[in-house]
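Read through the structure below, which is laid out as C-alpha coordinates, and then see the notes.
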Amino acid sequence: MAIHSNELTERDLKLLKLLLDFGVVSSVQLSKWIFPKVARTTVLRRLRLLEKRGMIRKRGTLPDATAVWMIDQKGQRLIAGMTENLYFPAHQLEHEITLNEIRWRLHGLGVVQSWMNERELRRKAPDRNGFERENLAIPDAVILMKHFGRPEAFVRMEVELNIKSNERYKRLFQRVDPYSQGARAWLWYLVKNRSMGNRILRYAKKHGDYSLPPILGFTVIDDFLTDPWSAEFHQLEKATALTTIMKLSRPESAVKNTHAHASAQAMSTEGLNENNVFAA
DNA sequence: GCTATAACTCGCTTGCAAGT
DNA sequence: ACTTGCAAGCGAGTTATAGC
(Lines give C-alpha, C1' and ligand atoms only; values in the text may rest on other atoms or scores of the structure.)
Protein backbone atom coordinates (compact mmCIF):
# COMPACT_ATOMS: atom_id res chain seq x y z
CA MET A 1 0.00 0.00 0.00
CA ALA A 2 2.94 2.32 -0.55
CA ILE A 3 1.37 5.24 -2.30
CA HIS A 4 3.17 8.27 -3.52
CA SER A 5 1.73 11.46 -2.10
CA ASN A 6 0.18 12.83 -5.27
CA GLU A 7 -1.45 9.58 -6.27
CA LEU A 8 -5.03 8.83 -5.45
CA THR A 9 -6.01 5.80 -3.43
CA GLU A 10 -8.92 3.49 -4.17
CA ARG A 11 -10.68 5.20 -1.32
CA ASP A 12 -10.16 8.62 -2.90
CA LEU A 13 -11.66 7.39 -6.17
CA LYS A 14 -14.63 5.96 -4.33
CA LEU A 15 -15.10 9.31 -2.65
CA LEU A 16 -14.96 11.18 -5.96
CA LYS A 17 -17.49 8.83 -7.53
CA LEU A 18 -19.79 9.32 -4.59
CA LEU A 19 -19.54 13.10 -4.88
CA LEU A 20 -20.20 12.98 -8.61
CA ASP A 21 -23.24 10.78 -8.09
CA PHE A 22 -24.70 12.44 -5.01
CA GLY A 23 -23.77 16.04 -5.83
CA VAL A 24 -23.02 17.38 -2.40
CA VAL A 25 -22.09 15.29 0.62
CA SER A 26 -21.33 16.38 4.18
CA SER A 27 -18.12 15.65 6.09
CA VAL A 28 -20.08 13.46 8.47
CA GLN A 29 -21.52 11.39 5.63
CA LEU A 30 -18.15 10.99 3.92
CA SER A 31 -16.79 9.93 7.27
CA LYS A 32 -19.45 7.25 7.72
CA TRP A 33 -19.58 6.00 4.15
CA ILE A 34 -16.05 6.29 2.80
CA PHE A 35 -13.92 6.31 5.94
CA PRO A 36 -15.57 3.89 8.37
CA LYS A 37 -13.45 3.35 11.48
CA VAL A 38 -11.10 6.18 10.58
CA ALA A 39 -10.70 9.10 12.97
CA ARG A 40 -12.48 12.29 11.97
CA THR A 41 -9.25 14.27 12.07
CA THR A 42 -7.75 12.00 9.46
CA VAL A 43 -10.83 12.22 7.27
CA LEU A 44 -10.86 15.99 7.36
CA ARG A 45 -7.15 16.10 6.66
CA ARG A 46 -7.62 13.93 3.58
CA LEU A 47 -10.49 16.10 2.38
CA ARG A 48 -8.34 19.19 2.70
CA LEU A 49 -5.60 17.51 0.72
CA LEU A 50 -8.00 16.58 -2.08
CA GLU A 51 -9.28 20.13 -2.02
CA LYS A 52 -5.75 21.48 -2.37
CA ARG A 53 -5.28 19.27 -5.43
CA GLY A 54 -8.40 20.62 -7.08
CA MET A 55 -10.28 17.31 -6.83
CA ILE A 56 -13.02 18.48 -4.50
CA ARG A 57 -14.39 21.76 -3.27
CA LYS A 58 -16.12 22.97 -0.14
CA ARG A 59 -19.57 24.12 -1.11
CA GLY A 60 -20.77 25.47 2.22
CA THR A 61 -21.80 24.43 5.69
CA LEU A 62 -24.89 23.11 7.42
CA PRO A 63 -26.51 25.01 10.29
CA ASP A 64 -24.32 23.04 12.74
CA ALA A 65 -21.17 24.10 10.83
CA THR A 66 -20.55 20.70 9.24
CA ALA A 67 -18.82 21.22 5.91
CA VAL A 68 -20.52 20.19 2.67
CA TRP A 69 -18.39 19.04 -0.27
CA MET A 70 -18.77 18.76 -4.00
CA ILE A 71 -16.52 17.51 -6.78
CA ASP A 72 -14.21 20.05 -8.43
CA GLN A 73 -12.99 20.37 -12.03
CA LYS A 74 -10.02 18.00 -11.79
CA GLY A 75 -12.08 15.40 -9.99
CA GLN A 76 -14.79 15.62 -12.63
CA ARG A 77 -12.30 15.20 -15.45
CA LEU A 78 -10.78 12.21 -13.72
CA ILE A 79 -14.03 10.42 -12.95
CA ALA A 80 -16.38 11.54 -15.72
CA GLY A 81 -13.85 12.55 -18.38
CA MET A 82 -15.59 15.88 -18.73
CA THR A 83 -16.53 18.92 -16.73
CA GLU A 84 -19.91 20.41 -16.17
CA ASN A 85 -21.06 23.43 -14.25
CA LEU A 86 -22.60 22.00 -11.13
CA TYR A 87 -24.79 24.31 -9.16
CA PHE A 88 -26.00 23.65 -5.65
CA PRO A 89 -27.85 26.54 -4.04
CA ALA A 90 -26.67 27.20 -0.49
CA HIS A 91 -30.21 27.20 0.89
CA GLN A 92 -30.78 23.68 -0.41
CA LEU A 93 -27.74 22.02 1.12
CA GLU A 94 -29.63 20.70 4.12
CA HIS A 95 -32.25 19.24 1.82
CA GLU A 96 -29.61 17.54 -0.31
CA ILE A 97 -27.82 16.10 2.70
CA THR A 98 -31.08 14.69 4.05
CA LEU A 99 -31.90 13.20 0.66
CA ASN A 100 -28.45 11.54 0.66
CA GLU A 101 -29.12 9.97 4.02
CA ILE A 102 -32.42 8.51 2.82
CA ARG A 103 -30.89 7.31 -0.43
CA TRP A 104 -27.99 5.60 1.31
CA ARG A 105 -30.37 3.88 3.65
CA LEU A 106 -32.60 2.65 0.85
CA HIS A 107 -29.60 1.25 -0.99
CA GLY A 108 -28.54 -0.40 2.24
CA LEU A 109 -31.89 -2.11 2.47
CA GLY A 110 -31.29 -3.52 -1.00
CA VAL A 111 -34.60 -2.32 -2.39
CA VAL A 112 -33.32 0.07 -5.05
CA GLN A 113 -32.87 -1.08 -8.60
CA SER A 114 -31.90 2.26 -10.04
CA TRP A 115 -31.91 5.84 -8.88
CA MET A 116 -32.23 8.98 -10.96
CA ASN A 117 -31.60 12.23 -9.14
CA GLU A 118 -33.12 15.60 -9.89
CA ARG A 119 -30.09 16.74 -11.87
CA GLU A 120 -30.34 13.80 -14.27
CA LEU A 121 -34.10 14.23 -14.53
CA ARG A 122 -33.78 17.86 -15.51
CA ARG A 123 -31.14 17.03 -18.07
CA LYS A 124 -33.36 14.43 -19.67
CA ALA A 125 -36.55 16.47 -19.44
CA PRO A 126 -38.16 17.06 -22.83
CA ASP A 127 -36.73 20.36 -23.96
CA ARG A 128 -39.79 21.97 -25.38
CA ASN A 129 -40.46 25.61 -24.78
CA GLY A 130 -39.42 27.40 -21.62
CA PHE A 131 -42.87 27.41 -20.14
CA GLU A 132 -43.34 23.68 -20.41
CA ARG A 133 -39.92 23.06 -18.97
CA GLU A 134 -40.46 25.34 -16.05
CA ASN A 135 -43.87 23.89 -15.47
CA LEU A 136 -42.70 20.30 -15.17
CA ALA A 137 -42.93 18.92 -11.70
CA ILE A 138 -39.52 17.31 -11.32
CA PRO A 139 -39.24 15.25 -8.17
CA ASP A 140 -36.12 14.98 -6.02
CA ALA A 141 -35.59 11.51 -7.38
CA VAL A 142 -37.23 8.84 -9.50
CA ILE A 143 -36.44 5.41 -8.16
CA LEU A 144 -37.02 2.06 -9.74
CA MET A 145 -37.69 -0.10 -6.70
CA LYS A 146 -37.49 -3.87 -6.65
CA HIS A 147 -40.81 -3.77 -4.87
CA PHE A 148 -43.04 -0.93 -3.84
CA GLY A 149 -46.65 -2.00 -3.58
CA ARG A 150 -45.95 -4.17 -6.58
CA PRO A 151 -42.79 -5.56 -8.19
CA GLU A 152 -40.66 -3.20 -10.30
CA ALA A 153 -42.35 -0.01 -9.26
CA PHE A 154 -41.38 3.52 -10.21
CA VAL A 155 -41.44 5.82 -7.22
CA ARG A 156 -41.25 9.58 -7.43
CA MET A 157 -39.69 10.82 -4.24
CA GLU A 158 -40.03 14.22 -2.64
CA VAL A 159 -38.12 15.17 0.47
CA GLU A 160 -39.92 17.98 2.23
CA LEU A 161 -38.21 19.77 5.09
CA ASN A 162 -40.27 22.93 4.94
CA ILE A 163 -43.90 23.08 4.11
CA LYS A 164 -44.61 24.97 0.91
CA SER A 165 -47.46 27.41 0.48
CA ASN A 166 -50.91 26.00 -0.25
CA GLU A 167 -50.78 27.69 -3.62
CA ARG A 168 -47.62 25.83 -4.54
CA TYR A 169 -49.09 22.45 -3.69
CA LYS A 170 -52.18 23.33 -5.66
CA ARG A 171 -50.11 24.05 -8.74
CA LEU A 172 -47.83 21.11 -8.09
CA PHE A 173 -50.61 18.54 -8.06
CA GLN A 174 -52.18 19.97 -11.19
CA ARG A 175 -49.00 19.86 -13.22
CA VAL A 176 -48.12 17.41 -15.90
CA ASP A 177 -45.29 15.10 -15.03
CA PRO A 178 -43.60 13.18 -17.84
CA TYR A 179 -42.09 10.81 -15.31
CA SER A 180 -45.32 9.66 -13.76
CA GLN A 181 -45.10 6.41 -15.78
CA GLY A 182 -48.85 6.38 -16.14
CA ALA A 183 -51.25 5.34 -13.47
CA ARG A 184 -48.90 2.94 -11.82
CA ALA A 185 -46.41 5.42 -10.42
CA TRP A 186 -46.07 6.06 -6.74
CA LEU A 187 -45.51 9.43 -5.20
CA TRP A 188 -43.61 9.12 -1.94
CA TYR A 189 -43.20 12.13 0.29
CA LEU A 190 -40.58 12.05 3.02
CA VAL A 191 -41.58 14.72 5.48
CA LYS A 192 -40.41 16.28 8.70
CA ASN A 193 -43.50 15.37 10.72
CA ARG A 194 -46.94 13.87 10.50
CA SER A 195 -48.93 17.09 10.30
CA MET A 196 -46.87 18.17 7.31
CA GLY A 197 -47.59 14.89 5.56
CA ASN A 198 -51.30 15.02 6.32
CA ARG A 199 -51.52 18.50 4.93
CA ILE A 200 -49.92 17.38 1.68
CA LEU A 201 -52.36 14.48 1.41
CA ARG A 202 -55.31 16.80 1.91
CA TYR A 203 -54.10 19.17 -0.78
CA ALA A 204 -53.43 16.37 -3.19
CA LYS A 205 -56.97 15.14 -2.74
CA LYS A 206 -58.39 18.59 -3.19
CA HIS A 207 -56.41 19.64 -6.24
CA GLY A 208 -55.00 16.55 -7.87
CA ASP A 209 -56.34 14.89 -10.96
CA TYR A 210 -57.60 11.63 -9.57
CA SER A 211 -58.82 10.27 -12.86
CA LEU A 212 -55.22 9.13 -13.23
CA PRO A 213 -54.11 8.77 -9.66
CA PRO A 214 -50.55 8.33 -8.58
CA ILE A 215 -50.43 6.33 -5.42
CA LEU A 216 -49.62 8.94 -2.89
CA GLY A 217 -48.28 8.58 0.63
CA PHE A 218 -45.76 9.88 3.09
CA THR A 219 -43.23 8.68 5.64
CA VAL A 220 -41.75 10.70 8.48
CA ILE A 221 -38.03 11.13 7.79
CA ASP A 222 -36.83 10.54 11.34
CA ASP A 223 -38.98 7.42 11.64
CA PHE A 224 -37.41 6.00 8.52
CA LEU A 225 -33.85 6.89 9.42
CA THR A 226 -33.97 5.66 13.01
CA ASP A 227 -35.69 2.38 12.15
CA PRO A 228 -36.93 1.65 8.61
CA TRP A 229 -38.51 -1.56 9.86
CA SER A 230 -41.02 0.24 12.02
CA ALA A 231 -41.63 3.22 9.72
CA GLU A 232 -44.95 3.61 7.96
CA PHE A 233 -46.34 4.66 4.62
CA HIS A 234 -49.25 6.96 5.44
CA GLN A 235 -52.10 7.42 3.02
CA LEU A 236 -55.36 9.28 3.42
CA GLU A 237 -57.34 6.49 4.94
CA LYS A 238 -54.68 4.08 6.12
CA ALA A 239 -51.10 3.52 7.17
CA THR A 240 -49.09 0.52 6.01
CA ALA A 241 -45.74 -0.66 7.31
CA LEU A 242 -42.95 0.16 4.88
CA THR A 243 -41.73 -3.39 5.27
CA THR A 244 -45.01 -4.53 3.70
CA ILE A 245 -44.90 -1.96 0.90
CA MET A 246 -41.28 -2.81 0.08
CA LYS A 247 -41.59 -6.52 0.88
CA LEU A 248 -38.77 -6.25 3.34
CA SER A 249 -37.83 -8.90 5.82
CA ARG A 250 -35.61 -7.92 8.68
CA PRO A 251 -32.35 -9.84 8.50
CA GLU A 252 -31.30 -11.48 11.76
CA SER A 253 -27.85 -9.92 11.73
CA ALA A 254 -29.17 -6.41 11.36
CA VAL A 255 -31.02 -6.59 14.64
CA LYS A 256 -27.86 -6.77 16.68
CA ASN A 257 -25.68 -4.50 14.59
CA THR A 258 -25.77 -0.74 14.58
CA HIS A 259 -27.55 0.81 11.63
CA ALA A 260 -24.35 2.14 10.15
CA HIS A 261 -22.77 -1.24 10.33
CA ALA A 262 -25.83 -2.97 8.91
CA SER A 263 -26.03 -0.63 5.94
CA ALA A 264 -22.34 -0.91 5.27
CA GLN A 265 -22.64 -4.67 5.20
CA ALA A 266 -25.64 -4.69 2.94
CA MET A 267 -23.90 -2.16 0.76
CA SER A 268 -20.86 -4.24 0.10
CA THR A 269 -22.76 -7.42 -0.69
CA GLU A 270 -25.61 -5.95 -2.66
CA GLY A 271 -24.60 -5.41 -6.26
CA LEU A 272 -26.27 -2.21 -7.36
CA ASN A 273 -26.77 -0.26 -10.53
CA GLU A 274 -24.45 0.94 -13.27
CA ASN A 275 -21.43 2.98 -12.33
CA ASN A 276 -22.18 2.58 -8.71
CA VAL A 277 -20.21 3.84 -5.78
CA PHE A 278 -21.64 1.20 -3.54
CA ALA A 279 -19.58 -1.67 -4.79
CA ALA A 280 -16.75 -2.51 -2.44
C1' DG B 1 -36.08 44.54 30.77
C1' DC B 2 -31.67 45.48 28.48
C1' DT B 3 -26.86 45.08 27.41
C1' DA B 4 -22.12 43.46 28.02
C1' DT B 5 -19.33 39.80 28.84
C1' DA B 6 -18.04 35.35 30.42
C1' DA B 7 -18.66 30.41 29.76
C1' DC B 8 -19.75 26.86 26.94
C1' DT B 9 -20.48 24.03 22.49
C1' DC B 10 -19.11 22.17 18.24
C1' DG B 11 -16.79 21.35 13.94
C1' DC B 12 -12.45 22.03 12.22
C1' DT B 13 -7.25 22.55 12.21
C1' DT B 14 -2.60 21.71 13.74
C1' DG B 15 1.54 19.63 16.09
C1' DC B 16 3.47 15.56 17.36
C1' DA B 17 4.48 10.77 18.06
C1' DA B 18 3.67 6.29 16.33
C1' DG B 19 2.37 2.97 12.63
C1' DT B 20 2.82 1.00 7.89
C1' DA C 1 7.68 8.68 2.67
C1' DC C 2 3.33 8.87 3.79
C1' DT C 3 -0.79 8.02 6.88
C1' DT C 4 -2.98 7.82 11.27
C1' DG C 5 -4.93 9.10 15.95
C1' DC C 6 -4.63 11.83 20.02
C1' DA C 7 -4.66 16.13 22.38
C1' DA C 8 -4.69 20.93 22.37
C1' DG C 9 -6.26 25.02 20.36
C1' DC C 10 -9.04 28.06 17.14
C1' DG C 11 -13.18 30.52 15.62
C1' DA C 12 -17.93 31.24 15.33
C1' DG C 13 -22.16 30.72 17.29
C1' DT C 14 -25.11 30.08 21.45
C1' DT C 15 -26.36 30.24 26.36
C1' DA C 16 -25.74 31.85 31.11
C1' DT C 17 -24.59 35.42 34.23
C1' DA C 18 -23.74 40.01 36.16
C1' DG C 19 -24.55 44.73 36.43
C1' DC C 20 -27.39 48.55 35.43
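Letters A, B, ... mirror the listed sequences (proteins, then strands); counts begin at 1.
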If I take atom [atom1] in residue [X] and atom [atom2] in nucleotide [N], what distance separates them, rounded to the nearest angstrom?
X     : N      : atom1 : atom2 : value
A/R45 : B/dC12 : CZ    : P     : 14 Å
A/L49 : B/dT14 : CG    : C1'   : 15 Å
A/K37 : B/dG19 : NZ    : P     : 20 Å
A/L62 : B/dC12 : CG    : P     : 9 Å
A/D64 : B/dC10 : CG    : P     : 10 Å
A/L47 : C/dT4  : CG    : P     : 12 Å
A/E51 : B/dC12 : CD    : P     : 12 Å
A/L44 : C/dG9  : CG    : P     : 19 Å

(Q) Nearest to the A/A65 side chain among C/dT4, B/dG11, C/dG5, which nucleotide is it? (A)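 That would be B/dG11.
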Q: Looking only at side-chain atoms of A/R46, point me to the closest of B/dC12, C/dT3, B/dT13.
A: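 Nearest listed nucleotide: C/dT3.
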Answer yes or no: does a side-chain N or O of [X] lie under 4.0 Å from OP1 or OP2 of [N]?
X     : N      : result
A/K58 : B/dT13 : yes
A/R48 : B/dC12 : no
A/T42 : C/dG5  : yes
A/T66 : B/dC12 : no
A/R40 : B/dT13 : no

Would you say the side-chain atoms of [X] pair up with the backbone N or O of [Y], donor to acceptor, closer than 3.5 Å?
X      : Y      : value
A/W115 : A/R103 : no
A/D12  : A/T9   : yes
A/H95  : A/V159 : yes

Q: I would like to know whether A/K205 and A/E237 meet salt bridge (charged side-chain N to carboxylate O under 4.0 Å, His left out); could you show each step before the answer?
A: CA-CA 12 Å; A/K205 190 185 181 181; A/E237 61 299 319; over 6 Å; no
Q) How is A/V38 classified with respect to the nucleic acid when contacts are heavy atoms under 4.0 Å: base, sugar-phosphate, or nothing? A)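 Sugar-phosphate, backbone atoms only, no base.
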Q) If you look at every strand shown and take non-hydrogen atoms under 4.0 Å, does A/S27 touch a base, only sugar-phosphate, or nothing? A)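 Counting heavy atoms under 4.0 Å across all strands, the contact made by A/S27 is with sugar-phosphate only.
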Q | Neighbour count >12 (heavy atoms, 6.0 Å) for atom CZ, A/R194 | A |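 At most 12 heavy atoms, drawn from other residues, nucleotides or ligands, come within 6.0 Å of this atom.
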